[in-house]
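Here is the structure we will look at.
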Amino acid sequence: METKALILITVAMTMLGMALGASHTVGAPHGSWDLQTNYSQWVSRIRFTTGDELKFQYSAAVHNVVEVSKTGYDSCNGSSPIATFPSGNDVVPLATVGTHYFICGVSRHCDAGMKVEVNVKSKEVRTVQRCRRRGNRRRCQSETVLSSAAAAGVDQSTVARLGLIVVAAGLTLFF
């Protein structure tokens, strides 16, 4: 009986984690929020979606994180910040689709490359590449498709809520 309850709890936590999004430590696994990390390279390996979060880990005595507009990002100017994060262990939710810009507001750090541009996409939409072979030639085409839940008109939070209700009902039956 305890094993079944543990399995149900594990399934519920997994579903909740999938619905909420991923946590990305900026610069990980080989860097952090510092002057040595190549953020363009780091971002290129990750697909950010709504519900994800960024974790900035750094020495608060040396750095900070400032969310800025594209203009502030391009000019390394944090004088009109969208938000400022000074703790050294900051978690920034990526709640909206679009490009988000972050810089270090300490003098000359942004100019030295301490800035990151994060493009956040919707969870429901993804790009797939379909390839066909004709003789020796291969022709590939990219297309944007909806996830099966989105195509059916089902919201991700609804799926998570239903999953939690099923798990709660299962736990009630076991006890």
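Positions are given from 1 along the sequence. Keep in mind it's a predicted model, so treat the numbers as computed, not measured.
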Would the SG atoms of C110 and C104 measure under 2.5 Å apart?
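Judged by the SG atoms alone, which are 2.5 Å or more apart, C104 and C110 are not bridged.
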
Exam field: side chain D52 to backbone A22, donor-acceptor pair closer than 3.5 Å:
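Looks like yes, one N/O pair under 3.5 Å.
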
Under 3.5 Å: donor-acceptor pair, side chain of T99, backbone of N119:
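A pair under 3.5 Å: no.
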
Following the transitive rule for hydrophobic clusters with a side-chain heavy-atom cut-off under 4.5 Å over Ile, Leu, Val, Met, Phe, Trp and Tyr, establish whether V92 and V66 coincide in one cluster.
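Different clusters.
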
Out of curiosity, does V106 fall in the hydrophobic cluster containing V68 (side-chain heavy atoms, cut-off under 4.5 Å, transitive links)?
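The answer is no; the residues belong to distinct hydrophobic clusters.
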
Atom pair [atom1] ([X]) and [atom2] ([Y]), whose distance is rounded to the nearest 0.5 Å:
X	Y	atom1	atom2	value
H24	R47	NE2	CZ	10.0 Å
N89	K55	CG	NZ	7.5 Å
S32	Q57	OG	CD	8.0 Å
D34	M114	CG	CE	6.5 Å

Where is the tightest heavy-atom contact between [X] and [Y], given as atom of each residue plus distance?
X	Y	answer
S87	A60	O-CB, 3.6 Å
P86	N64	CA-CB, 4.4 Å
V65	Y58	CG2-CE2, 3.6 Å
A28	R45	O-NH2, 4.4 Å

Contact between [X] and [Y] at the side-chain level, heavy atoms closer than 4.5 Å - yes or no?
X	Y	result
V120	T50	yes
V43	V116	yes
H109	V62	yes

Starting from V97, walk the hydrophobic network (Ile, Leu, Val, Met, Phe, Trp, Tyr; side-chain heavy atoms closer than 4.5 Å) and list everyone else you reach, by chain and number.
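Its cluster mates, by chain and number: none.
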
Under a single-linkage rule joining Ile, Leu, Val, Met, Phe, Trp and Tyr whose side-chain heavy atoms are separated by less than 4.5 Å, which residues share a cluster with I82?
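Noted: I82 shares its cluster with no other residue.
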
Does anything in residues 84-106 pair up under ring-ring contact (aromatic ring centres under 6.0 Å, His included), and if so which pairs, sequence neighbours excluded?
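Found F56-F102, Y73-Y101.
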
With N77 as reference, evaluate S80, S75, S79 under the side chain to side chain donor-acceptor pair (under 3.5 Å) test and give the passing residue.
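Filter result, single survivor: S79.
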
Residues in side chain to side chain donor-acceptor pair (under 3.5 Å) with T84, at least two apart?
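By the side chain to side chain donor-acceptor pair (under 3.5 Å) rule, T84 matches no residue at all.
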
Can you pull out every salt bridge (Lys or Arg N to Asp or Glu O under 4.0 Å) where at least one residue sits in residues 92-116? Sequence neighbours excluded, please.
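Listed by first then second residue: nothing to list.
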
Test ring pair (Phe, Tyr, Trp, His ring centres under 6.0 Å) applied to Y39 - qualifying residues, sequence neighbours left out
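Partners of Y39 by the ring pair (Phe, Tyr, Trp, His ring centres under 6.0 Å) criterion, ordered by chain and then number, come out as W33.
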
